[in-house]
Amino acid sequence: SSGINAEWPLRPGKPAPTLEIDLSDNEDEPIDILDSLVRNPVPSDTILFGIPFVAPYNSMSSCKYRVKLTPGATKKGKACKTILDMFTRDKNALLQEKNVFKSLKDVDMTVNIPGKVKISAPNLHGHGKK
């Protein structure tokens with residue numbers, strides 16, 4: 001069968017409904033969206049977009065661009081602007097990466113940050129930001 005097949009609502013004594021999905025149209029297309037995400041782009045990569053995310057700092061040790069956020073006094077919007085400025089000014093940043101940083105909106109990034117923060121990064125003070 002094709003499409004979605006489910007019997008709702010559930011009735012006592014009846015087994016849970018089954019869900020059948022027809023993937024015959026997509027069998028030739030590999031699902032590699034997650035495989036195309038990289039933590040450390042190389043110059044030969046074509047960078048289409050960047051995905052800002054918040055995760056435990058230890059889990060991001062292999063990411064090229066990361067900062068540590070701890071509770072502090074800096075508002076979310078200012079923190080995002082500072083982070084983007086720091087990443088854009090990085091001397092090791094590729095031109096494609098700088099363009100992606102410029103395209104990111106700090107308003108979209110603030111959704112990921114829980115509250116007022118303090119930014120910690122190895123090269124943060126080199127840019128005149130605290």
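Index from 1, following the sequence.
- Between F101 and Y65, the ring planes are perpendicular. Angles over 60° get that label, and only those under 30° would be called parallel.
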Subject >> Audit row: T82, K78, side chain to side chain contact (heavy atoms under 4.5 Å, CB included) steps and yes/no >> reply: CA-CA 6 Å; T82 302; K78 175 135 175 74; 4.1 Å; yes
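- L95 belongs to no hydrophobic cluster, as no Ile, Leu, Val, Met, Phe, Trp or Tyr side chain comes under 4.5 Å of its own.
- Considering only residues two or more places apart in sequence or on other chains, L48 meets the side-chain contact (heavy atoms from CB on, under 4.5 Å) condition with T46.
- Nearest heavy atom pair, residue G50 against residue V100, reads N-CG1, 3.5 Å.
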**OP:** Dump the intermediate steps for salt bridge (charged side-chain N to carboxylate O under 4.0 Å, His left out) on D85 and R89, then the final yes or no.
**Re:** CA-CA 6 Å; D85 182 56; R89 293 175 185 253; 2.8 Å; yes
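- For K64, the salt bridge (charged side-chain N to carboxylate O under 4.0 Å, His left out) partners two or more places apart in sequence, or in a different chain, are E97.
- Contacts of V117 classified as side-chain contact (heavy atoms from CB on, under 4.5 Å), with partners at least two apart in sequence or in another chain: L69, A79, I113.
- Residue pairs meeting the ring pair (Phe, Tyr, Trp, His ring centres under 6.0 Å) criterion with at least one member in residues 42-63, sequence neighbours excluded, do not occur.
- Residue K98 comes nearest to T88 through the heavy atom pair CE-O, 3.3 Å, listed as atom of the first residue, atom of the second, then distance.
- To the nearest 0.5 Å, atom CG of residue L104 and atom SG of residue C80 are 10.0 Å apart.
- Closest heavy-atom contact between P43 and Q96: O-NE2, 4.0 Å.
- Between the CD1 atom in I119 and the CD1 atom in I83 there is a gap of 4.0 Å [rounded to 0.5 Å].
- Expressed to the nearest 0.5 Å, how far NZ of K81 lies from NZ of K76 amounts to 14.0 Å.
- With rounding to the nearest 0.5 angstrom, the OG1 atom of T70 is 14.5 Å from the NZ atom of K116.
- The side-chain contact (heavy atoms from CB on, under 4.5 Å) search around V111 returns none, not counting sequence neighbours.
- Closest non-hydrogen pair, P52 versus M109, comes out as CG-CG, 3.6 Å.
- A pairwise comparison of heavy atoms in R39 and M60 identifies NH1-CA, 4.0 Å as the closest pair.
- Partners of D45 under the side-chain contact (heavy atoms from CB on, under 4.5 Å) rule, at least two apart in sequence or in another chain, are V38, P41, V42.
- When the side-chain hydrogen bond (donor to acceptor under 3.5 Å, both in side chains) test is applied to S59, no partner is found at least two apart in sequence or on another chain.
- Remark: K118 pairs with no residue by the side-chain hydrogen bond (donor to acceptor under 3.5 Å, both in side chains) rule, at least two apart or across chains.
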